[in-house]
Trainee: 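One structure follows; several queries about it will come next.
We use all heavy atoms of the structure for the numbers below, so side chains are in, but hydrogens, waters and symmetry mates are not. First listed ligand is number 1; within each ligand, the first listed atom is number 1. Predicted, not measured: the structure shown is a model, and the values here were computed from it.
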Amino acid sequence: MNIGIVGTGNMGRVLGLALAEQGHPVFFGARNLEKAKLAAQLGAANTFFGNNQQAAEFGEVVYYNPRDVHPAEVLSNPDALNGKVVVASHNGTVPVDFAFAPVIESRAEILQSQIPRAHVVAAFNTITQEIFEHANHSLHELNIACFIAGDQAGARATVAQLAASIGFTPMDCGELRQARLIESAADLVRMLLYKQKNPWASFSFTQVPPVQPGRLGGRQASSLTRR
Ligand SMILES: NC(=O)c1ccc[n+]([C@@H]2O[C@H](COP(=O)([O-])OP(=O)(O)OC[C@H]3O[C@@H](n4cnc5c(N)ncnc54)[C@H](OP(=O)(O)O)[C@@H]3O)[C@@H](O)[C@H]2O)c1
């Protein structure tokens, strides 16, 4: 599957290179061609570079890296994204004293409203770029969750498959509005990482084997509403 990277920043570079390792043709786009070229040179024969518009046109799946920048400002023809899966991992800036505001509308939803005919999928928000440096087999063993949200099930499945192929454990969170929770989860993980001055940690969503209730009384009737 052809991958286009719009904005070869840190996340675009590491994601693109990880996918290229799995054999996907990857086109690194940038407004500064040197950055795109450097990323492509770190890859193998299946990596290419050029401007952002070329990357948008090349990709069947496009990773959109610029944060809070309307695609119409980045691309000469944003219609190139129509019908495509557009992956974004945008989080906000880290505020003073980690006083994060609640995420009322996610950045992924805002991006979707800017490119309504694309299929925006939020993913990789909670995974620092450093973690991508691990070899694929190590990542598989580490069971690192990649939370995924998007309004189209097929687009989510495509991103889940790509995330799994590079070693992450995809967690389908459903509709794009769940990106609000994903971005909040990213705020939580960044708060912890910044405080620890350590980018080498991430979420795992661990399946716990069930045990017969009884030892501690089990889950008893409750007045709380459950769905
Ligand atoms: N880094 C991480 O570990 C990490 C992890 C999870 C999520 N995230 C989130 O992912 C997003 C990207 O992070 P990042 O670390 O990759 O940032 P970054 O290294 O600063 O990359 C941002 C990219 O966007 C491009 N860009 C910015 N404004 C642009 C414009 N007006 N026109 C064209 N291109 C523009 C930049 O191009 P130039 O290089 O030319 O400026 C750069 O390629 C952020 O929202 C961040 O919160 C990051």
Side-chain angles (χ1 to χ4, degrees), residues 3-19 26-40 42 49-56 59 62-78 80-81 86-95 98 100-101 103 105-112 114-115 120-134 139 144-149 159 162-163 166-168 170-171 173 179-194 196-203:
I3 309 292
I5 305 292
V6 171
T8 303
N10 284 303
M11 283 297 280
R13 185 188 68 252
V14 297
L15 179 64
L17 288 170
L19 290 169
V26 176
F27 192 107
F28 292 96
R31 56 183 171 180
N32 170 353
L33 282 195
E34 262 321 292
K35 272 197 174 183
K37 184 178 176 184
L38 279 174
L42 287 171
F49 71 95
N51 63 38
N52 283 320
Q53 181 64 32
Q54 289 171 303
V62 176
Y63 180 73
Y64 188 80
N65 209 12
R67 175 172 70 190
D68 298 335
V69 190
H70 196 298
E73 287 179 41
V74 177
L75 303 173
S76 51
N77 179 15
L81 300 174
V86 174
V87 184
S89 55
H90 300 134
N91 301 317
T93 51
V94 176
F98 309 103
F100 289 102
V103 179
E105 186 179 25
S106 64
R107 287 182 154 78
E109 290 171 282
I110 294 169
L111 180 63
Q112 180 69 82
Q114 294 165 340
I115 43 173
V120 173
V121 175
F124 305 106
N125 300 58
T126 56
I127 306 172
T128 60
Q129 63 177 86
E130 284 83 357
I131 288 174
F132 286 76
E133 304 278 355
H134 268 281
L139 289 176
I144 294 167
C146 176
F147 301 107
I148 294 170
V159 178
L162 292 173
I166 58 174
F168 298 117
M171 301 295 310
C173 300
R180 300 169 198 176
L181 296 178
I182 298 177
E183 289 181 22
S184 293
D187 290 343
L188 172 63
V189 79
R190 289 184 302 157
M191 182 271 286
L192 293 168
L193 297 179
Y194 275 59
Q196 295 173 5
K197 298 185 172 46
N198 167 28
W200 299 98
S202 201
F203 285 119

Trainee: Considering the heavy atoms of Gly7, write down every atom of ligand 1 situated less than 4.0 Å from one of them.
Mentor: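 Near Gly7, the atoms of ligand 1 are 43 (O).
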Trainee: Show the nearest heavy-atom pair for residues Ser184 and Val103, with the distance to one decimal.
Mentor: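 For Ser184 versus Val103, the nearest heavy atoms are OG-CG2, 3.5 Å.
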Trainee: Check Arg67 against ligand 1 and report side chain, backbone, both or neither, counting heavy atoms closer than 4.0 Å.
Mentor: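 Side chain only; the backbone of Arg67 stays clear of ligand 1.
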Trainee: If the contact criterion is a heavy-atom separation under 4.0 Å, does Ser89 count as touching ligand 1?
Mentor: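 The answer is yes: ligand 1 sits under 4.0 Å from a heavy atom of Ser89.
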Trainee: Is there a side chain to side chain contact (heavy atoms under 4.5 Å, CB included) between Cys173 and Ile182 once you walk through the steps?
Mentor: CA-CA 9 Å; Cys173 300; Ile182 298 177; 4.1 Å; yes
Trainee: Are any of the N/O atoms in Gly9 less than 3.5 Å from those in ligand 1?
Mentor: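 Checking ligand 1 against Gly9, an N or O pair does fall under 3.5 Å apart.
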Trainee: Out of Asn32, Asn65, Val6, who gets a non-hydrogen atom closest to atom 13 (O) of ligand 1?
Mentor: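 The residue whose heavy atom sits nearest atom 13 (O) of ligand 1 is Asn65.
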Trainee: Can you find an N or O of Arg190 that's nearer than 3.5 Å to an N or O of ligand 1?
Mentor: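 No, there is no polar N/O contact under 3.5 Å.
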Trainee: If you count the atoms of ligand 1 from 1 in the order shown, which ones are under 4.0 Å from a heavy atom of Val69?
Mentor: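 Within the 4.0 Å cut-off of Val69, ligand 1 contributes 28 (N), 31 (N).
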Trainee: Could you find the nearest protein heavy atom to atom 5 (C) of ligand 1 and give me its residue, atom name and distance?
Mentor: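 Result: Ile127 O, 3.2 Å.
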Trainee: Just jot down the ligand 1 atoms closer than 4.0 angstrom to any heavy atom of Val74, in number order.
Mentor: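 Those qualifying, in numeric order: 32 (N), 33 (C).
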Trainee: Is the shortest distance from atom 17 (O) of ligand 1 to a protein heavy atom below 4.0 Å?
Mentor: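 So far as the 4.0 Å threshold goes, atom 17 (O) of ligand 1 is out of reach of every protein heavy atom.
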Trainee: Are the side chain of Glu130 and the backbone of Pro199 linked by a donor-acceptor contact shorter than 3.5 Å?
Mentor: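 Checking the backbone N and O of Pro199 against the side chain of Glu130, no donor-acceptor pair under 3.5 Å is found.
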Trainee: Any donor-acceptor pair under 3.5 Å linking the side chain of His90 with the backbone of Asn65?
Mentor: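 Confirmed, His90 side chain pairs with Asn65 backbone.
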Trainee: Counting only heavy atoms, tell me which of Glu73, Met11, Gln129 gets closest to atom 3 (O) of ligand 1.
Mentor: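 Closest candidate by heavy-atom distance is Gln129.
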Trainee: Backbone, side chain, both or neither: what part of Arg31 comes under 4.0 angstrom of ligand 1, heavy atoms only?
Mentor: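 Arg31 to ligand 1: side-chain contact only, backbone stays beyond 4.0 Å.
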Trainee: Are any of the N or O atoms of Lys35 closer than 3.5 Å to those of ligand 1?
Mentor: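 Yes: some nitrogen or oxygen of Lys35 is under 3.5 Å from one in ligand 1.
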Trainee: Please check if a non-hydrogen protein atom sits closer than 4.0 Å to atom 34 (N) of ligand 1.
Mentor: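 So far as the 4.0 Å threshold goes, atom 34 (N) of ligand 1 is in reach of a protein heavy atom.
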Trainee: Measure the CG-CZ distance between Leu111 and Arg67 for me, rounded to the nearest 0.5 Å.
Mentor: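 Rounded to the nearest 0.5 Å, the CG-CZ separation comes out at 13.5 Å.
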Trainee: Taking all non-hydrogen atoms of both residues, which atom of Tyr64 and which atom of Val69 are closest, and how far apart?
Mentor: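 Nearest heavy atoms, Tyr64 then Val69: OH-O, 2.6 Å.
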Trainee: Quick one: does Gln129's side chain have a donor or acceptor within less than 3.5 Å of a partner on Val14's backbone?
Mentor: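 Here the side-chain-to-backbone pair does not exist.
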Trainee: With heavy-atom distances below 4.0 Å as the criterion, list the atoms of ligand 1 near Phe124.
Mentor: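 Result: 6 (C).
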Trainee: Parallel under 30°, tilted from 30 to 60°, perpendicular over 60°: which one fits the rings of Phe132 and Phe124?
Mentor: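 The rings of Phe132 and Phe124 sit tilted, inter-plane angle from 30° to 60°.
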Trainee: For ligand 1, is any non-hydrogen atom under 4.0 Å from Thr126's backbone (N, CA, C, O), its side chain (CB onward), both, or neither?
Mentor: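 Near ligand 1, Thr126 shows nothing, with every heavy atom at 4.0 Å or more.
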Trainee: Please check if the side chain of Ser202 supplies one atom and the backbone of Thr126 the other of a donor-acceptor pair under 3.5 Å.
Mentor: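 Such a contact is found between Ser202 side chain and Thr126 backbone.
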Trainee: From atom 24 (O) of ligand 1, work out which of Gly12, Pro66, Ala88 has a heavy atom at the shortest distance.
Mentor: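 Shortest heavy-atom distance from atom 24 (O) of ligand 1: Pro66.
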Trainee: For His90, take its heavy atoms, then give the atoms of ligand 1 lying under 4.0 Å from any of them.
Mentor: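 The list of qualifying atoms is 11 (C), 45 (O).
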Trainee: Which option wins on minimum heavy-atom distance to atom 15 (O) of ligand 1: Asp68, Val14, Leu15, Asn10?
Mentor: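 Answer by nearest heavy atom: Asn10.
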Trainee: Is there a donor-acceptor pair closer than 3.5 Å between any side-chain N or O of Thr8 and the backbone N or O of Arg13?
Mentor: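 No, because the side chain of Thr8 does not come within donor-acceptor range (under 3.5 Å) of the backbone of Arg13.
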Trainee: For Asn51, does its backbone N or O pair with a side-chain atom of Gln54 as donor and acceptor, under 3.5 Å?
Mentor: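 It does hold such a pair.
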Trainee: Which of the numbered atoms in ligand 1 are below 4.0 angstrom from a heavy atom of Asn125?
Mentor: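 Going through ligand 1 atom by atom, the ones under 4.0 Å from Asn125 are 6 (C), 7 (C).
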Trainee: If you take the centroid of each ring, where Trp contributes its six-membered ring, are Tyr63 and Phe28 closer together than 6.0 Å?
Mentor: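 No, ring centres 6.0 Å or more apart.
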